[in-house]
Number of protein chains: 2
Amino acid sequence: MTIRQDVQCDVLPVLCQSCDARCHGLCGALEPNQLVALAKASSRHSVPPGTELVGDAEAIETYSNLLSGVVKLTKGLADGRQQIVGLQFAPDFLGRPFKSESEINAEAATEVSLCSFPKAAIERMMREAPALEHRLLKQTLMELDEAREWMVTLGRKTAVEKVASFLFLIARNIDPTTDAGKESATFDLPLTRADIADFLGLTVETVSRQLTKLRTNGVIRINNNRHVVVDNVSRLQRCSGTWACSDT
Amino acid sequence: MTIRQDVQCDVLPVLCQSCDARCHGLCGALEPNQLVALAKASSRHSVPPGTELVGDAEAIETYSNLLSGVVKLTKGLADGRQQIVGLQFAPDFLGRPFKSESEINAEAATEVSLCSFPKAAIERMMREAPALEHRLLKQTLMELDEAREWMVTLGRKTAVEKVASFLFLIARNIDPTTDAGKESATFDLPLTRADIADFLGLTVETVSRQLTKLRTNGVIRINNNRHVVVDNVSRLQRCSGTWACSDT
DNA sequence: CGACCTCTTGAGGCAACTCAACGGAGGTGG
DNA sequence: CCACCTCCGTTGAGTTGCCTCAAGAGGTCG
């Protein structure tokens, strides 16, 4: 969708005109006048990796659209053990409606840019525009599907399969050149080895070993520790255990 | 809420008058006249344990309210490995809106009674009554919270902690006598050892051993393989790893 | 240059898995 | 009534996959 197709584009807030969230994100559910109202209360900002966006048991004051970068959602146990329970990519919506507290942490995994609005503004708008709530329901259902898919990975897959599943997940969400049916993928890992371990329920060492194994088997190539090339995506998928795997 | 408080209770469908789903379930979001319309298209039935309610990759034709019993949601890998990705208790809503197919199986874990309506009826009603969609969003968000809580259990807890977490989960959802602050709980396990293993990402043998360990440590008592008594719920919770545990 | 961080690799240990045997509960049929 | 089967759960012995601990390489920053 280009700007020319927006009949009222001249009245839209400048920031929103080229914003991906309006096409594929939550704002797509809003009428132009609603968008104007929301934009008045919104602000954009960029934060460096490691920034804590929502603290555990911290009051949630704002909701945000994730415009670029990757956000990790984590939960921790009292003794320090930690688990990443979700990754969010642009243009996901960030926040937990109907609760004043969150039991999860949200932290920028990469450089992240956000478009934030006060909690009250979006909740009022949600009451007025059922389409907004509908959009939110759809995203939540999608996140639930992803969470359940990941539960299979956590509970039933081996270490190699876990790492391959993770790489496959990232390839689908990060690589801008990925088309359906495309057989190769290239991307930078948005997470450190420690983060990957927390995501997969493994240790750093095991993650490192499995990456090495996949590399020596020719399933992936790695440059500079972060840059990954997958020549044959379906081979990677086969290693992820979703189907039978012979390349481990 | 008793029947006397329903000013129009005489026009309500007979089946709905004493139905828990109207108080705490999805039907609570409906006006009396909507309830009448939906009730006309609905039907109640009971099924024995093991009945498949929604098959993998099978078209979903009906939605249901779960009136009693426990339903397990499972996902499988090609080679037979299986993982339970969710448990549903009364009065949960059963079904996946906005998708014609489900990638998960739903199976009755115990004797289960349902109140079902055709997919089309509920989807039409959802467009008319935003309150219904709102209620659905709330349940979905709750399920997402539970799924994420469980990801921590799957990824980061030891076998004992997993089993204790499971027992704690069941105690909260099953024991009809459980009050907040009550220190004891009594219930029948709704799942076989094999099911519990699939829920926890363990093997049957390991589940059995950990149950024995909790029993010999006096955390739980077990009669007839299925009936469990927990004298000290907070001690059980301590074993679940949410906080530090000294009783393993 | 040293301090620090991330990542890799190796050696050894342990928690959970695999394989195997057995006992009890429930059903069926002679 | 008992003999026999199947299903479910328990327990033991041995194995293995991942964790733990330790060392070192490469990169970045003050």
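Every chain is numbered from 1, with letters handed out A, B, ... down the list of sequences.
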* **A/Thr74 side chain near A/Glu107 side chain, heavy-atom distance below 4.5 Å** => no
* For chain A, the stretch of DNA chain C it reaches, first to last nucleotide, under 4.0 Å of its heavy atoms -> C/dC7 to C/dA11
Distances for protein N or O near nucleotides 28-30 of chain D N or O, under 3.5 Å:
none

* Asked: Checking A/Arg96 side chain against A/Glu103 main chain: does a donor-acceptor pair fall under 3.5 Å?
  -> no
* **B/Arg215 side-chain N/O to B/Ile220 backbone N/O, donor-acceptor pair under 3.5 Å** => no
* To do: Find the distance A/Lys213:NZ to D/dC18:C1' and express it as a whole number of Å.
  => 11 Å
* **Rounded distance (nearest 0.5 Å) linking atom CG of A/Asn232 with atom SG of A/Cys239** => 9.5 Å
* **Expected output: side-chain B/Ser165 to main-chain B/Ser240 donor-acceptor under 3.5 Å** => yes
* **Polar contact flag, side-chain donor to acceptor under 3.5 angstrom, A/Asp92-A/Gln139** => no
* Asked: Does atom CG of A/Asn224 have more than 12 heavy-atom neighbours, drawn from other residues, nucleotides or ligands, at distances under 6.0 Å?
  -> no
* **Check: B/Val70 main-chain N/O paired with B/Thr110 side-chain donor or acceptor under 3.5 Å** => yes
* **Polar side chain donor-acceptor pair, A/Ser113 to A/Ser46, under 3.5 angstrom** => no
Got a list of side-chain donor-acceptor pairs under 3.5 Å for residues 82-89 of chain B, not counting sequence neighbours?
from	atom 1	to	atom 2	distance (Å)
B/Gln83	NE2	B/Asp198	O	3.0
B/Gln83	NE2	B/Phe199	O	3.0
B/Gln88	NE2	B/Glu143	OE2	3.3

Pair up each side-chain donor or acceptor in residues 201-210 of chain B with any protein partner under 3.5 Å, not counting sequence neighbours, and list the distances.
from	atom 1	to	atom 2	distance (Å)
B/Thr203	OG1	B/Thr206	N	3.3
B/Thr203	OG1	B/Thr206	OG1	3.0

* **Interface residues of residues 193-210 of chain B with DNA chain D (non-hydrogen, below 4.0 angstrom)** => B/Arg193, B/Glu205, B/Ser208, B/Arg209
Write out a two-atom table: protein N or O, nucleotide N or O from nucleotides 24-26 of chain D, distance below 3.5 Å.
none

* **Side chain proximity check, B/Arg44 to B/Cys19, heavy atoms < 4.5 angstrom** => yes
* Asked: Relative to the 5' end of DNA chain C, which residue comes earlier, A/Arg156 or A/Arg226, by the nucleotide with the nearest heavy atom?
  -> A/Arg226
* Asked: If we only count heavy atoms from C-beta on, is the B/Leu77 to A/Lys157 side-chain gap below 4.5 Å?
  -> yes
